[in-house]
Structure formats: structure tokens, C-alpha cells
Amino acid sequence: MGDKKAVITVYGAEQICASCVGAPGSRDTFEWLQAAIGRKYKSGGIYYTYIDINKPQTEDKHIAFIERIADEDLFYPIVFVNEEMVGEGIPRLKTVYQALDELEVPLQ
């Protein structure tokens, strides 16, 4: 992987998205992703961040994206690998894995 790193960012809220009733909550999805990714990839270059869209944020990029969620009625949780959105609503592992493979994250 060299000096590349993968940052997994999950935007979500404690309350389940109205359109996602019956789906796991955002925090549950965040924890599930960590476990699933940890079983397949070496964890050295992977960093995880959970952003609660209902709590004040200090970074401009998070503030701007939270506004975009509201403006565009995006379904959360929303998953990013680095700057690429790879999941909205109910993320698929295949899509997340594909983004990690493109970054050449080493397998277990």
C-alpha cells in the first residue's frame, strides 16, 4: 500500500432514516463495517470516522456534506472511502471492498 491510507467515513444519526425503516442504524452499520473490513484487510492503513449529522461539526467538509444530505434528501448512513461515496442507505460490502482494492489495501 505504500504511503496510501484509507479513511472510512460514515455519516449517520441515532434516529434511523425515515426511508430506511427496518435497516440497521448508522452506528450499527459503522461497527459492522469495521468488523467486516477487519476480517478481510490488514488494519494498518485503515482509519475510521463516524460523523453524527445531528451534532455540531468543526470541519468545513463535514459541515458542507451534512448540508448536502439535507438539501438532496440523501439516505443515511452514507459511507465514504477517502473522498469517494461508496454507499448510501444500506451500504454493500462489495462496493466498499472494491474501493479498498483500488487503493491497494493489503489483504489479511
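- From F80, atom CZ reaches atom CD1 of I78 across 6.5 Å, with rounding to the nearest 0.5 Å.
- Residue Y76 holds its OH atom at 12.0 Å from CD of E88, rounded to the nearest 0.5 Å.
- Pairs engaging residues 27-46 under the salt bridge (charged side-chain N to carboxylate O under 4.0 Å, His left out) rule: none recorded [sequence neighbours left out].
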message: Determine whether T49 and I8 satisfy the following criterion, side chain to side chain contact (heavy atoms under 4.5 Å, CB included), listing intermediate values before the conclusion.
response: CA-CA 6 Å; T49 305; I8 310 291; over 6 Å; no
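- Take E59 and apply the side-chain contact (heavy atoms from CB on, under 4.5 Å) test, not counting sequence neighbours, and it matches K61, H62.
- For the pair E84 and A99, the tightest heavy-atom approach, listed with the atom from each and the gap, is OE1-CB, 4.2 Å.
- Partners of D73 under the side-chain contact (heavy atoms from CB on, under 4.5 Å) rule, at least two apart in sequence or in another chain, do not exist in this structure.
- The backbone N or O of K5 sits less than 3.5 Å from a side-chain atom of N82, completing a donor-acceptor pair.
- Remark: K94 engages R92 in a side-chain contact (heavy atoms from CB on, under 4.5 Å) (not counting sequence neighbours).
- In this structure, F65 CZ and Y11 OH are separated by 6.5 Å, a value rounded to the nearest 0.5 Å.
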Below 3.5 Å, can you tabulate the donor-acceptor pairs from side chains in residues 50-57 to any protein atom, sequence neighbours excluded?
from, atom 1, to, atom 2, distance (Å)
Y50, OH, A13, N, 3.4
D52, OD1, N54, N, 2.8
Q57, NE2, D52, O, 3.2
Q57, NE2, K55, O, 3.2

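- Listed by chain and number, the residues in a salt bridge (Lys or Arg N to Asp or Glu O under 4.0 Å) with R68 are E72 (sequence neighbours excluded).
- Rounding to the nearest 0.5 Å places OG1 of T9 at 13.0 Å from OH of Y47.
- Residue D60 places its CG atom among 12 or fewer non-hydrogen atoms of other residues, nucleotides or ligands, all under 6.0 Å distant.
- Nearest heavy atom pair, residue P91 against residue T29, reads CG-CG2, 3.6 Å.
- Atom CD1 of I46 sits about 8.0 Å away from atom OH of Y41, to the nearest 0.5 Å.
- Rounding to the nearest 0.5 angstrom, the gap separating the CG atom in L93 from the CG atom in L33 is 6.5 Å.
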